[in-house]
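Heads up, the thing below is written out as C-alpha coordinates.
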Amino acid sequence: MINKRLIARLDIKGPNLIKGIQLEGLRKLGDPQVFADRYYAQGVDELLYIDIVASLYGRSKLTEIVRRAARDVFVPMTVGGGVRTVDDVKELLRAGADKVAINTAAVARPDLIREVAQRFGSQCMVLSVEAKQQAPGQWEVYTDCGRERSGLDVIEWVQRGIELGAGEILVTSIDKEGSRSGFDIGLTRAVAAVADVPIIASGGYGIPSHVKDVVNVGADAVAVADALHYNRITLPALRQSMREMDIPVRKVNV
Amino acid sequence: MKVTIIDYGMGNLFSVQRAVEICGVTNITLGTTPDDIIGADCLILPGVGAFKDGMQGLKAAGLVEPIKAYSGSGKPLLGICLGAQMLATTGEEFGTHEGLDLISGRVTKIPAQAGEFTQKLPFIGWTPLSAPRTNGFADTALQRLNSEESVYLVHSFHLEVADSADLLATYDYGGVPVTAAIQRKNVTGMQFHPEKSSVVGLRILSDFLAQV
(Lines give C-alpha, C1' and ligand atoms only; values in the text may rest on other atoms or scores of the structure.)
Protein backbone atom coordinates (compact mmCIF):
# COMPACT_ATOMS: atom_id res chain seq x y z
CA MET A 1 0.00 0.00 0.00
CA ILE A 2 1.17 3.50 -0.82
CA ASN A 3 1.63 5.76 2.18
CA LYS A 4 -0.96 8.50 2.59
CA ARG A 5 0.56 11.92 3.11
CA LEU A 6 -0.16 14.12 6.13
CA ILE A 7 0.22 17.71 5.04
CA ALA A 8 0.28 20.77 7.28
CA ARG A 9 -1.56 23.63 5.63
CA LEU A 10 -0.36 27.13 6.44
CA ASP A 11 -2.64 29.92 5.27
CA ILE A 12 -0.69 33.13 5.02
CA LYS A 13 -1.71 36.78 5.09
CA GLY A 14 1.17 39.21 4.70
CA PRO A 15 3.92 37.96 7.03
CA ASN A 16 1.58 35.98 9.30
CA LEU A 17 0.11 32.55 9.61
CA ILE A 18 -3.64 32.97 9.91
CA LYS A 19 -6.59 30.77 10.63
CA GLY A 20 -9.64 31.11 8.41
CA ILE A 21 -13.20 30.23 9.25
CA GLN A 22 -14.92 29.23 6.04
CA LEU A 23 -12.33 31.44 4.39
CA GLU A 24 -13.96 34.57 5.80
CA GLY A 25 -13.15 35.34 9.41
CA LEU A 26 -9.40 35.63 10.01
CA ARG A 27 -7.18 35.40 13.01
CA LYS A 28 -3.43 35.97 13.18
CA LEU A 29 -1.50 33.08 14.69
CA GLY A 30 2.04 34.39 14.28
CA ASP A 31 5.28 33.71 12.43
CA PRO A 32 4.75 30.84 9.96
CA GLN A 33 8.37 29.72 10.43
CA VAL A 34 7.71 28.81 14.06
CA PHE A 35 4.96 26.47 12.91
CA ALA A 36 6.94 25.12 9.95
CA ASP A 37 9.85 24.26 12.28
CA ARG A 38 7.48 22.51 14.67
CA TYR A 39 5.83 20.42 11.98
CA TYR A 40 9.17 19.50 10.44
CA ALA A 41 10.42 18.35 13.84
CA GLN A 42 7.21 16.33 14.26
CA GLY A 43 7.73 14.53 10.96
CA VAL A 44 5.26 16.23 8.64
CA ASP A 45 5.19 14.75 5.11
CA GLU A 46 4.77 18.06 3.32
CA LEU A 47 4.01 21.73 3.91
CA LEU A 48 1.32 23.58 1.98
CA TYR A 49 1.52 27.37 1.99
CA ILE A 50 -1.40 29.36 0.62
CA ASP A 51 -1.30 33.15 0.53
CA ILE A 52 -4.96 33.95 0.98
CA VAL A 53 -4.92 37.58 -0.09
CA ALA A 54 -2.33 37.55 -2.86
CA SER A 55 -4.98 37.06 -5.54
CA LEU A 56 -6.71 40.20 -4.36
CA TYR A 57 -3.78 42.54 -4.08
CA GLY A 58 -1.48 41.03 -6.66
CA ARG A 59 1.63 40.80 -4.56
CA SER A 60 2.98 38.41 -2.03
CA LYS A 61 5.48 37.98 0.77
CA LEU A 62 5.27 34.31 0.09
CA THR A 63 8.60 34.04 -1.71
CA GLU A 64 10.43 35.32 1.37
CA ILE A 65 8.49 32.98 3.64
CA VAL A 66 9.31 29.99 1.42
CA ARG A 67 12.99 30.92 1.13
CA ARG A 68 13.19 31.23 4.90
CA ALA A 69 11.52 27.84 5.36
CA ALA A 70 13.76 26.13 2.81
CA ARG A 71 16.81 27.03 4.88
CA ASP A 72 15.86 24.61 7.64
CA VAL A 73 12.96 22.50 6.51
CA PHE A 74 13.83 19.50 4.33
CA VAL A 75 10.45 18.19 3.26
CA PRO A 76 8.51 19.09 0.12
CA MET A 77 6.71 22.41 0.01
CA THR A 78 3.71 23.27 -2.14
CA VAL A 79 3.04 26.97 -2.50
CA GLY A 80 0.03 28.85 -3.83
CA GLY A 81 -1.76 32.16 -3.78
CA GLY A 82 -1.21 34.86 -6.36
CA VAL A 83 0.70 32.66 -8.83
CA ARG A 84 -0.12 34.14 -12.24
CA THR A 85 2.75 33.48 -14.63
CA VAL A 86 5.48 31.01 -15.49
CA ASP A 87 7.93 33.53 -14.03
CA ASP A 88 6.06 33.50 -10.71
CA VAL A 89 6.44 29.72 -10.66
CA LYS A 90 10.14 29.94 -11.47
CA GLU A 91 10.69 32.38 -8.62
CA LEU A 92 8.91 30.17 -6.08
CA LEU A 93 10.78 27.05 -7.22
CA ARG A 94 14.09 28.86 -6.94
CA ALA A 95 13.12 29.93 -3.43
CA GLY A 96 12.71 26.29 -2.42
CA ALA A 97 9.16 25.34 -3.39
CA ASP A 98 8.68 21.93 -5.02
CA LYS A 99 5.21 22.44 -6.41
CA VAL A 100 2.93 25.38 -7.02
CA ALA A 101 -0.82 25.41 -6.46
CA ILE A 102 -2.81 27.59 -8.84
CA ASN A 103 -6.48 28.46 -8.67
CA THR A 104 -7.61 31.95 -9.68
CA ALA A 105 -5.12 32.54 -12.49
CA ALA A 106 -5.83 29.11 -13.97
CA VAL A 107 -9.56 29.78 -14.00
CA ALA A 108 -8.91 33.13 -15.68
CA ARG A 109 -6.53 31.60 -18.22
CA PRO A 110 -6.52 27.78 -18.31
CA ASP A 111 -3.53 27.72 -20.68
CA LEU A 112 -1.39 28.69 -17.69
CA ILE A 113 -1.76 25.09 -16.51
CA ARG A 114 -0.30 23.79 -19.77
CA GLU A 115 2.50 26.35 -19.75
CA VAL A 116 3.58 25.49 -16.21
CA ALA A 117 3.34 21.74 -16.82
CA GLN A 118 5.39 21.93 -20.01
CA ARG A 119 8.05 24.10 -18.49
CA PHE A 120 8.46 22.48 -15.08
CA GLY A 121 6.64 19.17 -15.43
CA SER A 122 3.17 18.08 -14.39
CA GLN A 123 4.50 17.08 -10.99
CA CYS A 124 5.03 20.79 -10.24
CA MET A 125 1.58 21.90 -11.31
CA VAL A 126 -1.02 21.46 -8.59
CA LEU A 127 -4.51 22.56 -9.56
CA SER A 128 -6.05 24.18 -6.50
CA VAL A 129 -9.83 23.92 -6.53
CA GLU A 130 -12.02 25.70 -4.00
CA ALA A 131 -15.38 24.01 -4.11
CA LYS A 132 -18.76 25.04 -2.78
CA GLN A 133 -21.73 22.74 -2.96
CA GLN A 134 -24.64 23.99 -5.06
CA ALA A 135 -26.89 20.95 -5.06
CA PRO A 136 -26.55 17.28 -4.14
CA GLY A 137 -23.62 15.94 -6.18
CA GLN A 138 -22.83 19.34 -7.64
CA TRP A 139 -20.09 21.79 -6.67
CA GLU A 140 -19.03 25.13 -8.11
CA VAL A 141 -15.44 26.38 -8.42
CA TYR A 142 -14.72 29.56 -6.46
CA THR A 143 -11.70 31.79 -6.88
CA ASP A 144 -9.91 34.43 -4.82
CA CYS A 145 -9.96 32.22 -1.74
CA GLY A 146 -13.64 31.51 -1.74
CA ARG A 147 -14.76 35.04 -2.47
CA GLU A 148 -15.72 34.86 -6.16
CA ARG A 149 -17.93 32.48 -8.07
CA SER A 150 -16.54 31.20 -11.35
CA GLY A 151 -19.59 29.48 -12.82
CA LEU A 152 -17.44 26.37 -13.44
CA ASP A 153 -18.50 22.90 -12.36
CA VAL A 154 -15.83 21.35 -10.13
CA ILE A 155 -15.78 17.94 -11.81
CA GLU A 156 -15.62 19.36 -15.34
CA TRP A 157 -12.88 21.78 -14.28
CA VAL A 158 -10.82 19.03 -12.67
CA GLN A 159 -11.03 16.95 -15.85
CA ARG A 160 -10.02 19.94 -17.96
CA GLY A 161 -7.17 20.77 -15.60
CA ILE A 162 -5.76 17.25 -15.81
CA GLU A 163 -6.02 17.30 -19.61
CA LEU A 164 -4.05 20.53 -19.61
CA GLY A 165 -1.31 18.96 -17.48
CA ALA A 166 -2.15 19.34 -13.79
CA GLY A 167 -0.26 16.62 -11.90
CA GLU A 168 -2.13 16.84 -8.62
CA ILE A 169 -5.45 18.25 -7.39
CA LEU A 170 -5.82 20.16 -4.13
CA VAL A 171 -9.53 20.10 -3.30
CA THR A 172 -10.59 22.57 -0.64
CA SER A 173 -14.17 22.44 0.54
CA ILE A 174 -15.37 25.95 1.34
CA ASP A 175 -18.38 24.50 3.13
CA LYS A 176 -16.23 22.36 5.42
CA GLU A 177 -13.27 24.68 6.00
CA GLY A 178 -12.94 25.44 9.69
CA SER A 179 -16.02 23.37 10.57
CA ARG A 180 -14.18 20.46 12.24
CA SER A 181 -17.03 18.29 10.95
CA GLY A 182 -14.98 16.14 8.55
CA PHE A 183 -13.82 16.46 4.97
CA ASP A 184 -16.38 16.74 2.17
CA ILE A 185 -16.72 13.05 1.36
CA GLY A 186 -19.08 13.42 -1.61
CA LEU A 187 -16.84 16.02 -3.20
CA THR A 188 -13.67 13.97 -2.77
CA ARG A 189 -15.34 10.83 -4.07
CA ALA A 190 -16.62 12.70 -7.14
CA VAL A 191 -13.18 14.20 -7.86
CA ALA A 192 -11.44 10.83 -7.31
CA ALA A 193 -13.78 9.23 -9.84
CA VAL A 194 -12.38 11.41 -12.63
CA ALA A 195 -8.79 12.03 -11.46
CA ASP A 196 -5.88 9.76 -12.44
CA VAL A 197 -3.51 12.04 -10.54
CA PRO A 198 -3.07 12.34 -6.75
CA ILE A 199 -5.68 14.23 -4.72
CA ILE A 200 -5.12 16.29 -1.57
CA ALA A 201 -8.29 16.76 0.50
CA SER A 202 -8.45 19.97 2.49
CA GLY A 203 -10.99 21.53 4.80
CA GLY A 204 -12.93 20.02 7.65
CA TYR A 205 -10.49 17.98 9.73
CA GLY A 206 -11.83 17.49 13.25
CA ILE A 207 -10.82 14.06 14.50
CA PRO A 208 -8.48 11.34 13.16
CA SER A 209 -11.32 9.15 11.84
CA HIS A 210 -12.17 11.97 9.39
CA VAL A 211 -8.89 11.18 7.64
CA LYS A 212 -9.87 7.54 7.28
CA ASP A 213 -13.26 8.58 5.85
CA VAL A 214 -11.72 10.72 3.14
CA VAL A 215 -8.86 8.32 2.33
CA ASN A 216 -11.46 5.60 1.85
CA VAL A 217 -13.13 7.60 -0.94
CA GLY A 218 -9.90 8.25 -2.80
CA ALA A 219 -7.80 11.00 -1.16
CA ASP A 220 -4.05 10.37 -1.46
CA ALA A 221 -3.16 13.08 1.04
CA VAL A 222 -4.92 15.23 3.60
CA ALA A 223 -4.20 18.81 4.58
CA VAL A 224 -4.73 19.76 8.22
CA ALA A 225 -4.53 23.35 9.40
CA ASP A 226 -5.80 24.77 12.66
CA ALA A 227 -6.08 21.41 14.48
CA LEU A 228 -2.27 21.39 14.22
CA HIS A 229 -1.81 25.13 14.71
CA TYR A 230 -3.83 25.01 17.97
CA ASN A 231 -2.26 21.73 19.05
CA ARG A 232 -5.60 19.94 19.20
CA ILE A 233 -3.57 17.09 17.74
CA THR A 234 0.10 16.57 17.01
CA LEU A 235 1.46 14.90 13.89
CA PRO A 236 2.92 11.91 15.80
CA ALA A 237 -0.46 11.34 17.45
CA LEU A 238 -2.28 11.62 14.12
CA ARG A 239 0.21 9.23 12.52
CA GLN A 240 -0.32 6.76 15.34
CA SER A 241 -4.11 6.99 14.91
CA MET A 242 -3.72 6.31 11.19
CA ARG A 243 -1.72 3.19 11.90
CA GLU A 244 -4.32 1.97 14.36
CA MET A 245 -6.96 2.45 11.64
CA ASP A 246 -4.78 0.55 9.10
CA ILE A 247 -4.16 3.65 6.99
CA PRO A 248 -0.60 3.35 5.63
CA VAL A 249 1.58 6.29 6.64
CA ARG A 250 5.29 6.92 6.59
CA LYS A 251 7.17 5.63 9.59
CA VAL A 252 8.94 8.51 11.28
CA ASN A 253 11.46 8.46 14.08
CA VAL A 254 11.06 11.71 15.94
CA MET B 1 36.42 19.52 -0.30
CA LYS B 2 34.85 21.56 -3.06
CA VAL B 3 31.30 20.56 -3.97
CA THR B 4 29.90 21.96 -7.20
CA ILE B 5 26.16 22.02 -7.80
CA ILE B 6 25.45 22.47 -11.49
CA ASP B 7 23.22 25.46 -12.21
CA TYR B 8 21.70 25.17 -15.66
CA GLY B 9 18.39 26.87 -14.94
CA MET B 10 16.39 23.77 -14.03
CA GLY B 11 14.84 23.65 -10.63
CA ASN B 12 15.40 24.06 -7.00
CA LEU B 13 19.08 24.58 -6.29
CA PHE B 14 18.57 26.36 -3.04
CA SER B 15 17.30 23.33 -1.13
CA VAL B 16 20.11 21.14 -2.49
CA GLN B 17 22.66 23.77 -1.53
CA ARG B 18 21.24 24.11 1.99
CA ALA B 19 21.16 20.35 2.45
CA VAL B 20 24.84 20.09 1.44
CA GLU B 21 25.63 22.91 3.89
CA ILE B 22 23.79 21.10 6.67
CA CYS B 23 26.00 18.08 5.90
CA GLY B 24 28.96 20.21 6.90
CA VAL B 25 30.36 21.26 3.54
CA THR B 26 31.57 24.86 3.50
CA ASN B 27 33.02 25.10 0.02
CA ILE B 28 30.00 24.98 -2.29
CA THR B 29 29.95 26.42 -5.81
CA LEU B 30 26.94 26.86 -8.06
CA GLY B 31 28.63 25.75 -11.24
CA THR B 32 27.74 27.26 -14.60
CA THR B 33 30.97 26.82 -16.58
CA PRO B 34 33.15 23.89 -17.76
CA ASP B 35 35.92 25.07 -15.41
CA ASP B 36 33.56 24.91 -12.41
CA ILE B 37 32.87 21.28 -13.26
CA ILE B 38 36.37 20.09 -13.98
CA GLY B 39 37.64 21.73 -10.78
CA ALA B 40 35.11 20.04 -8.47
CA ASP B 41 35.94 17.34 -5.92
CA CYS B 42 32.31 16.30 -5.94
CA LEU B 43 29.70 17.16 -8.55
CA ILE B 44 25.95 17.31 -8.04
CA LEU B 45 23.54 17.48 -10.98
CA PRO B 46 20.07 18.43 -9.68
CA GLY B 47 17.04 19.22 -11.81
CA VAL B 48 13.29 19.31 -12.11
CA GLY B 49 11.40 19.21 -15.36
CA ALA B 50 11.43 17.36 -18.66
CA PHE B 51 14.39 15.30 -19.93
CA LYS B 52 14.66 17.17 -23.21
CA ASP B 53 14.69 20.59 -21.54
CA GLY B 54 17.31 19.42 -19.06
CA MET B 55 19.67 18.11 -21.75
CA GLN B 56 19.12 21.26 -23.81
CA GLY B 57 20.03 23.32 -20.76
CA LEU B 58 23.27 21.39 -20.30
CA LYS B 59 24.11 21.59 -24.00
CA ALA B 60 23.38 25.32 -24.20
CA ALA B 61 25.80 25.88 -21.31
CA GLY B 62 28.42 23.66 -22.94
CA LEU B 63 28.44 21.32 -19.96
CA VAL B 64 27.78 17.90 -21.50
CA GLU B 65 31.40 17.08 -22.38
CA PRO B 66 32.82 18.55 -19.14
CA ILE B 67 30.43 16.39 -17.09
CA LYS B 68 31.49 13.30 -19.04
CA ALA B 69 35.16 14.19 -18.62
CA TYR B 70 34.65 14.79 -14.91
CA SER B 71 32.90 11.43 -14.58
CA GLY B 72 35.80 9.73 -16.36
CA SER B 73 38.18 11.11 -13.74
CA GLY B 74 36.62 8.82 -11.12
CA LYS B 75 35.50 11.60 -8.79
CA PRO B 76 31.97 11.28 -7.36
CA LEU B 77 29.01 12.49 -9.38
CA LEU B 78 25.48 12.58 -7.99
CA GLY B 79 22.39 13.14 -10.14
CA ILE B 80 19.14 13.97 -8.35
CA CYS B 81 15.65 13.50 -9.87
CA LEU B 82 15.91 14.77 -13.46
CA GLY B 83 19.66 14.89 -12.88
CA ALA B 84 19.59 11.14 -12.19
CA GLN B 85 17.51 10.49 -15.30
CA MET B 86 19.92 12.42 -17.50
CA LEU B 87 22.68 9.96 -16.57
CA ALA B 88 20.92 7.48 -18.89
CA THR B 89 21.68 6.76 -22.54
CA THR B 90 18.32 8.05 -23.76
CA GLY B 91 15.15 9.64 -22.45
CA GLU B 92 11.71 9.01 -23.88
CA GLU B 93 9.76 11.97 -22.51
CA PHE B 94 8.26 14.09 -25.37
CA GLY B 95 10.20 12.05 -27.98
CA THR B 96 13.53 10.20 -27.73
CA HIS B 97 16.52 12.28 -26.66
CA GLU B 98 20.16 11.57 -25.96
CA GLY B 99 21.29 11.63 -22.36
CA LEU B 100 24.74 11.75 -20.77
CA ASP B 101 25.12 7.97 -21.22
CA LEU B 102 27.02 7.48 -17.98
CA ILE B 103 24.69 4.66 -16.94
CA SER B 104 23.34 2.51 -19.77
CA GLY B 105 19.58 2.55 -19.94
CA ARG B 106 16.44 4.32 -21.02
CA VAL B 107 14.21 6.76 -19.16
CA THR B 108 10.65 5.55 -19.67
CA LYS B 109 7.21 6.26 -18.28
CA ILE B 110 6.44 4.27 -15.14
CA PRO B 111 4.03 1.48 -16.16
CA ALA B 112 0.84 2.57 -14.44
CA GLN B 113 -1.07 -0.53 -15.41
CA ALA B 114 -0.32 -3.71 -13.47
CA GLY B 115 -2.94 -6.37 -13.96
CA GLU B 116 -6.34 -4.87 -13.25
CA PHE B 117 -4.97 -2.01 -11.17
CA THR B 118 -4.14 1.40 -12.58
CA GLN B 119 -1.77 3.48 -10.48
CA LYS B 120 -1.83 7.25 -10.43
CA LEU B 121 0.93 9.21 -12.14
CA PRO B 122 2.88 11.19 -11.17
CA PHE B 123 3.87 9.18 -8.14
CA ILE B 124 4.02 11.69 -5.32
CA GLY B 125 4.98 10.62 -1.86
CA TRP B 126 7.14 8.80 0.66
CA THR B 127 8.13 5.19 0.31
CA PRO B 128 10.67 2.70 1.70
CA LEU B 129 13.27 1.36 -0.74
CA SER B 130 14.35 -2.17 -1.60
CA ALA B 131 17.86 -3.29 -2.48
CA PRO B 132 17.97 -5.52 -5.57
CA ARG B 133 21.69 -6.27 -5.17
CA THR B 134 22.80 -9.32 -3.25
CA ASN B 135 24.95 -7.18 -0.94
CA GLY B 136 22.11 -4.70 -0.40
CA PHE B 137 23.14 -1.06 -0.09
CA ALA B 138 26.66 -1.87 1.15
CA ASP B 139 29.36 0.64 0.21
CA THR B 140 26.88 3.15 -1.24
CA ALA B 141 25.22 6.34 -0.04
CA LEU B 142 22.25 4.19 1.06
CA GLN B 143 24.30 1.96 3.35
CA ARG B 144 22.57 3.16 6.52
CA LEU B 145 19.03 3.18 5.09
CA ASN B 146 16.83 0.58 6.74
CA SER B 147 13.73 -1.08 5.34
CA GLU B 148 11.31 0.99 7.44
CA GLU B 149 12.63 4.41 6.50
CA SER B 150 11.05 6.35 3.64
CA VAL B 151 12.29 8.84 1.08
CA TYR B 152 10.33 11.37 -0.98
CA LEU B 153 9.82 10.98 -4.71
CA VAL B 154 7.78 12.85 -7.28
CA HIS B 155 7.99 11.57 -10.85
CA SER B 156 6.25 9.93 -13.81
CA PHE B 157 9.40 8.63 -15.54
CA HIS B 158 12.19 6.41 -14.28
CA LEU B 159 15.48 4.94 -15.50
CA GLU B 160 15.36 1.37 -16.77
CA VAL B 161 18.94 0.16 -16.54
CA ALA B 162 20.42 -2.01 -19.30
CA ASP B 163 22.70 -3.78 -16.81
CA SER B 164 20.89 -4.87 -13.65
CA ALA B 165 24.14 -4.47 -11.70
CA ASP B 166 23.64 -0.70 -11.99
CA LEU B 167 20.29 -0.81 -10.20
CA LEU B 168 20.80 0.33 -6.61
CA ALA B 169 17.29 0.81 -5.20
CA THR B 170 13.68 0.30 -6.20
CA TYR B 171 10.27 0.75 -4.66
CA ASP B 172 7.08 -1.15 -5.23
CA TYR B 173 4.26 0.76 -6.93
CA GLY B 174 1.25 -1.49 -7.08
CA GLY B 175 3.34 -4.54 -8.00
CA VAL B 176 5.63 -2.69 -10.40
CA PRO B 177 9.27 -2.19 -9.33
CA VAL B 178 10.18 1.44 -9.95
CA THR B 179 13.78 2.69 -10.10
CA ALA B 180 14.64 4.87 -7.11
CA ALA B 181 18.45 4.90 -7.36
CA ILE B 182 21.17 3.72 -9.72
CA GLN B 183 24.92 3.52 -9.30
CA ARG B 184 27.91 2.53 -11.37
CA LYS B 185 31.35 3.10 -9.86
CA ASN B 186 31.66 6.83 -9.04
CA VAL B 187 28.32 7.78 -10.64
CA THR B 188 25.17 7.71 -8.48
CA GLY B 189 21.66 8.75 -9.41
CA MET B 190 18.87 9.34 -6.89
CA GLN B 191 15.39 9.58 -8.34
CA PHE B 192 14.24 10.50 -4.85
CA HIS B 193 15.03 13.87 -3.32
CA PRO B 194 17.56 13.51 -0.49
CA GLU B 195 17.19 17.25 0.10
CA LYS B 196 13.44 16.79 0.69
CA SER B 197 13.49 13.49 2.56
CA SER B 198 13.89 14.91 6.03
CA VAL B 199 16.58 13.54 8.33
CA VAL B 200 16.75 10.28 6.37
CA GLY B 201 17.58 12.16 3.17
CA LEU B 202 20.16 14.35 4.87
CA ARG B 203 21.85 11.26 6.25
CA ILE B 204 21.96 9.69 2.76
CA LEU B 205 23.44 12.88 1.34
CA SER B 206 25.94 12.99 4.17
CA ASP B 207 26.96 9.39 3.49
CA PHE B 208 27.37 10.21 -0.18
CA LEU B 209 29.59 13.18 0.63
CA ALA B 210 31.59 11.05 3.07
CA GLN B 211 32.78 8.95 0.11
CA VAL B 212 34.59 11.96 -1.32
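Chain letters run A, B, ... following the sequence lines, proteins first, then strands; residues in each count from 1. Treat the numbers as computed from the prediction; the structure is a model and nothing was measured. Note that these values count all heavy atoms, side chains included, but never hydrogens, waters or copies made by symmetry.
If you measure heavy-atom distances from A/Arg5 to chain B, the contacts under 4.5 Å come from the side chain alone. Within the 4.5 angstrom heavy-atom criterion, no atom of B/Phe94 approaches chain A. Contacts between B/Asn146 and chain A at a heavy-atom distance below 4.5 Å are absent for every atom of the residue. When heavy atoms are compared at a cutoff of 4.5 Å, B/Ile22 approaches chain A solely by way of its side chain, counted from C-beta outward. With a threshold of 4.5 angstrom between heavy atoms, A/Arg67 approaches chain B through its backbone and through its side chain. Within the 4.5 angstrom heavy-atom criterion, only backbone atoms of A/Leu93 (N, CA, C, O) approach chain B. Neither the backbone nor the side chain of A/Lys4 comes within contact range of chain B; no heavy atom of the residue lies under 4.5 Å from a heavy atom of that chain. Contact annotation for B/Ile124: both backbone and side-chain heavy atoms come within less than 4.5 Å of a heavy atom of chain A. For A/Ile162, no part lies near chain B; criterion is any non-hydrogen pair under 4.5 Å.
Between A/Phe74 and B/Arg18 there is a side-chain heavy-atom pair separated by less than 4.5 Å. Side chains of B/Tyr173 and A/Ile2 form a contact here, defined as non-hydrogen atoms less than 4.5 Å apart. Side-chain atoms of A/Arg250 and B/Thr127, non-hydrogen and from C-beta on, never get closer than 4.5 Å to each other.
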*Take B/Asp53 and A/Arg119, measure what salt bridge (charged side-chain N to carboxylate O under 4.0 Å, His left out) needs, and give me the verdict at the end.*
CA-CA 8 Å; B/Asp53 295 340; A/Arg119 176 77 185 275; over 6 Å; no

_Between A/Val197 and B/Lys120, does the side chain to side chain contact (heavy atoms under 4.5 Å, CB included) criterion hold? Intermediate values first, please._
CA-CA 5 Å; A/Val197 300; B/Lys120 292 181 175 186; 5.7 Å; no

*Carefully, step by step, assess B/Ser198 and A/Tyr40 under the rule side chain to side chain contact (heavy atoms under 4.5 Å, CB included).*
CA-CA 8 Å; B/Ser198 192; A/Tyr40 178 57; 3.6 Å; yes

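Among the candidates A/Asp196, A/Asn3, A/Val249, the residue making the largest number of heavy-atom pairs closer than 4.5 Å to chain B is A/Asp196. Comparing B/Ser156, B/Gly49, B/Gly201 by heavy-atom pairs within less than 4.5 Å of chain A, the highest count is held by B/Gly49. Options A/Ala70, A/Ser122, A/Gly121 differ in how many heavy-atom pairs under 4.5 Å they form with chain B, and the most are formed by A/Ala70. Contact tally against chain B (heavy-atom pairs below 4.5 Å) for A/Lys251, A/Arg71, A/Arg94: the top residue is A/Arg71. Taking B/Leu202, B/Val200, B/Val199, B/Val48 one by one and counting their heavy-atom pairs under 4.5 Å with chain A, the maximum is reached by B/Leu202. Among the candidates A/Ala117, A/Ala95, A/Pro198, A/Ala195, the residue making the largest number of heavy-atom pairs closer than 4.5 Å to chain B is A/Pro198.
Annotation: B/Asp139, atom CG; neighbour count of heavy atoms from other residues, nucleotides and ligands within 6.0 Å does not exceed 12. Atom NZ of B/Lys59 has more than 12 heavy atoms from other residues, nucleotides or ligands within 6.0 Å. By the neighbour-count criterion of 12 heavy atoms within 6.0 Å, atom CD of B/Glu98 is sparsely surrounded, having that number or fewer from other residues, nucleotides or ligands.
Side-chain atoms of B/Trp126 come within 3.5 Å of backbone atoms of A/Asp45 as a donor-acceptor pair (strictly under, hydrogens ignored).
From A/Glu46, atom CD reaches atom NZ of B/Lys196 across 9.5 Å, with rounding to the nearest 0.5 Å.
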